Amino acid sequence: MSILVNKNTNVLVQGITGKEGSFHATKCLEYGTKIVAGVTPFKGGSRFNNSVPVYNTIDEAKKTHRIDATMVFVPAGFAASGIIEAIEAEIPLIVCITEGIPVMDMLNVKAALNSSNSIMIGPNCPGVITADECKIGIMPGFIHKKGKIGVLSRSGTLTYEAVDQLTKAGLGETTCIGIGGDPIIGTPFIPLLKMFEDDPETSAVVMIGEIGGTAEEEASEFIKKNMKKPVIGFIAGKTAPEGKRMGHAGAIISGGKGTASDKLKTLEKNGVYIADNPSVIGDTAKKALKLS
Amino acid sequence: MSILVNKNTNVLVQGITGKEGSFHATKCLEYGTKIVAGVTPFKGGSRFNNSVPVYNTIDEAKKTHRIDATMVFVPAGFAASGIIEAIEAEIPLIVCITEGIPVMDMLNVKAALNSSNSIMIGPNCPGVITADECKIGIMPGFIHKKGKIGVLSRSGTLTYEAVDQLTKAGLGETTCIGIGGDPIIGTPFIPLLKMFEDDPETSAVVMIGEIGGTAEEEASEFIKKNMKKPVIGFIAGKTAPEGKRMGHAGAIISGGKGTASDKLKTLEKNGVYIADNPSVIGDTAKKALKLS
Amino acid sequence: MDIHEYQAKEILNKHGIKTLGSILCHSPEEVYRAYQTLLSPIVVVKAQVHAGGRGKGGGVKIAKSGDEARSIAEKMLGMTLVTAQTGKEGKIVRKVLVESGAQISKEFYLSLTVDRKNAAVAFVVSAEGGMEIEEVSKSHPEKILTISIKPFHGLRSHHVLKILLFLGLDKTFLGDLSGLLFHLYDAFIREDMSMLEINPLILTSSNEFIPLDAKIILDDNSIFRHPYFNDYIDEGEENPLEVKAKNAGLNYIKLDGNVGCMVNGAGLAMATMDTIKEFGASPANFLDVGGTADSKRVETAFNILLSDKKVKGIFINIFGGIVKCDMVAEGVVTAAKNIGLTLPVVVRLEGTNAEEAARLIENSGMNFIVGRSLADGAKKISEIVKK
Amino acid sequence: MDIHEYQAKEILNKHGIKTLGSILCHSPEEVYRAYQTLLSPIVVVKAQVHAGGRGKGGGVKIAKSGDEARSIAEKMLGMTLVTAQTGKEGKIVRKVLVESGAQISKEFYLSLTVDRKNAAVAFVVSAEGGMEIEEVSKSHPEKILTISIKPFHGLRSHHVLKILLFLGLDKTFLGDLSGLLFHLYDAFIREDMSMLEINPLILTSSNEFIPLDAKIILDDNSIFRHPYFNDYIDEGEENPLEVKAKNAGLNYIKLDGNVGCMVNGAGLAMATMDTIKEFGASPANFLDVGGTADSKRVETAFNILLSDKKVKGIFINIFGGIVKCDMVAEGVVTAAKNIGLTLPVVVRLEGTNAEEAARLIENSGMNFIVGRSLADGAKKISEIVKK
């Protein structure tokens, strides 16, 4: 078991012939992801890597393929259109890697998602991976190993850091999800925490947050009320100054709100196991599971 | 039992001090409806009929009262605002009587409803009544009698005609709902049919449709697939010409679509008991229930 | 509300959509001068009436000179144009639009409507431009593409792409088509339209998209935020009785039968018409007198019904809900007396105080018959007019 | 991106929102002439810098004559303005806005922001105009009203009513307040703003609502549809190193410490800074080199880090995911050699081919130390710079 994706997930790639899209689609195929089709306007009829059929629109692709998930590499200016196309085509899972989508576009996308049955991960995220089964995203596959920890993160490479430790600690992962570093994202921590709580293979969850917004605080309240499984938390940005965007569009302390210390206080209060620095995420997970 | 409203429903009236609002609020109070508060901008602090407290906004009213439903008499130009205020205040049931709301406003209202937990009945409808318990609307209360038939209708007086027959036939009604005569309405037949199917007190449903749109056809497909209780159908407008709005904004045959004969054909095919003319609605209900 | 082609094009222009040069004319002389002004060797003279299908009825003609244009206008202005959409009685042509010619490379069908089922705005397109879309939808439904745009989705580039591909256009047209569709979508929403039909939308030989015809229906309910709608009302295009009824706040639609109907409520009014038909007679009209059937209102209604000379009898069917039936009965009797009504009238009053009302009607001394139910009343009036 | 007050007011004007007459000036002489031109007995001279809290820092002064205005400008232009928002180093004042005076009857606070939690646009209002809203929100949260407008709800009259009542205004102001709020909401969405703050919004003695100050932050990501954003960029207001980094496609933010950081990924970069701090040293910067850490890019990054003279050592922390660590190591070594780097550098490379990478670093002959983990690397660099 796992959440969101597994070895049977049929994946579409939107923007499959672009630079990023083609590079990562190849890597995903190498990992074993079942990429059944790609979409790029005006490239319909061609084949990607001499195998994956490319279509002009998702509707065209859907005529021939069952599609469970789509990986979106559409450029920022057209990403909202690409996501809404996927929502209208009723793709159950949309994973949007694209960085730099305007917030106003995301407000509309979020409204469209709310009235749909689609789940979106991202944008501005590394994607979703279920170890040894299905990778939809840009993370390095080899660091992942099937195991018992679910991973949620607003970050990219920091997630790899955590996963690497979990793998080396012999714990391994079920599913690892980068939820995205933007202020408005498709799916915040809570619905995913719930899925992990319900997933029999997941024993604990690592949640990696950062400065900006209140998503971690809300998540910790959910954890306190609704989760039996231990959650290990790390928050990046203790040394970040106020009013500056720390790389991610969503990572900003404004009006004194969204600081790491506030978040850590709330997380601790709500029973989250805190990893004081990123090097001890693996150890903290072991402790939380009473393995050390 | 009944659906949507009962004797414990706490009702708010939006536009309670207006001409229509005050007239019908009084009638509802006489029927026994628990009107707990009213809203009219800039009339906050006063009392309606020397008893019902009036507030400027729903938020103000909610500070003092539990509100289960609201009856909206706000003029057409401001109705969308009034409905969205009710959605934002998370009122579970919104009954909008107002006629003449622009369709573009209703598209937005409908989108807002889709992302909320509120149910809206109307607009341009007579309202909702559970016989002898709660009347939220403008229908004459005295023709209703507690019984076993659920009534759904796109019409006003034609509904009274049907109810009158059901009462005189000794069948009586559980809940009677005018869903509204506009092209875009809050709740079409299907979700209400489902509620009636689940309501132990309802033995059969009378569904009164008219020309325009395809709501009746969709309902009949739902009935065929999902309902065990008999449904009696009547469609008004067999003699209506094409391209003319027959009073209701939604009652129009356009491009040859939405004719009464098409609807009747589909209803019959899907097992709805057809009342050939409005005078036999009561008799048809009796036959459907094998009572005659 | 229906508006004229030239008004529809004004609205499109306001929203940045180019149409061909054109001049509205009321006389053959104006048409002659319009030909000279437009500097187009070929012009099209188009009857401005609230109805489609004008071409087949002779309401659209090509002229290659000022003289020819004038002589076309001489015949067209004042003619009664009968099309599939006017009904048998047709519409009198009071003005014509003289429009420059264009070199047409392709013709498409494009319309925007309200998608009731999805609560959305729908684009309907077809490469079969100039055809009646209802016919295409019956014979070749696969030649029509409908795309619904939910308000919170908005028109997006993938929608434009789908339309472009469906119309068989190549990549080079994407920018222009996109501009056109965004302008149309924006116009549809901002001007509160119920329908916007461009048939045909042409692609000119210089690769421009141009709406050759344009039909717009505006949502009357939004007139409070679009005062200019008032300037677009053309009562000359409507049935005079319907105009009179509307101005009196009554909802009246003229039909072909001989039983005048007076009902409260639109659904009940339709049901009443249907029941009359079932008993072998034919309704002369739809008439919803609304919630307050007082004597003043009933009198106006009587006057409108009686203006239709075909009417041989009247059926009044009122379900008195909040309003008391005896009050309505008094109003009916008073009104009938005021106007000296002589036609046979069947009155059915149901609801509060229905019995007292029946007595008032029976004892009125007028040519009134009481209907005991909707069916009974419909049956009685039908028998009377069939005599 | 931050913009100046005068630019913010230009945007507001474009959207139909009136502001006081004002003239942008670059010299005391211009300020003198501006006083004469404005025909207002009292003017306000305001420093145009990308920071709030100017009043307390001496960046906003009242003048009652042209001479007084000029002498204020003489002091203000060129001064280093330090406010709560500029940091200790302050900002140099290069231009001032001279604005007409107004008779103030009431002052309010009004801002629009993006409500992340509800995915909406939020209005924040308070009758405590002119105060710092963060302070009010801490001391008197009940004096602040936040109303979130979801995109498919839109700003509606009941929202305006709530704001009106909260601000203690009576019915007569409903129309004007409504107009202002609708314009602001429209501007916020159409111009892709992240923040729009009017503090204070004044009500003049003639009962007009006027934004006295205006602060706007634009969403850089939307620049593709707002080419005019480019004209609003004022590099003079930014840290020169940050500008240089940005132009090289690097994400760099200058801080006060002495450990230069070079990391791939924003989250890992923050975590690296935090870990350095834990080991008792202090990060000199945030720097995300992004996904492709080739020698060219690393060289540019080195140059930026070295431009900060406080930097005593560098910590390179790269998690090589898709990119191979030995390639990155080669890039680092080449870049360091090219620029003749002498500072101590701790390099931690994790991921694909990490072992080969460590060997390359160790054998490079440069002043490089291998960090075996994030913590190990942070510890080593901290110990070095603390010596």
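It should be emphasised that the depicted structure is a prediction, and the values quoted were computed from it without experimental measurement. Chain letters run A, B, ... following the sequence lines, proteins first and then strands; every chain starts at 1.
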Quiz item: Using non-hydrogen atoms only, which part of B:Ile87 is less than 4.5 Å away from chain D: side chain, backbone, both, or neither?
Solution: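 Looking at B:Ile87, just its side chain touches chain D.
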Quiz prompt | Structural part of B:Asn114 lying under 4.5 Å from a heavy atom of chain D | solution =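 For B:Asn114, no heavy atom lies under 4.5 Å from chain D.
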Within a 6.0 Å radius of atom [atom1] on [X], are there more than 12 heavy atoms belonging to other residues, nucleotides or ligands?
| X | atom1 | answer |
| --- | --- | --- |
| D:Gln103 | CD | no |
| D:Lys246 | NZ | no |
| D:Gln7 | CD | yes |
| B:Phe48 | CZ | yes |
| D:Asn230 | CG | yes |
| B:Lys257 | NZ | no |
| D:Glu134 | CD | yes |

What parts of [range] touch chain B if we use heavy atoms and a cut-off under 4.5 Å?
| range | result |
| --- | --- |
| residues 140-166 of chain D | D:Ser148, D:Phe152, D:His153, D:Arg156, D:Ser157, D:His158, D:His159, D:Leu161, D:Lys162, D:Leu164, D:Leu165 |
| residues 10-21 of chain D | none |
| residues 192-229 of chain D | none |
| residues 109-125 of chain D | none |

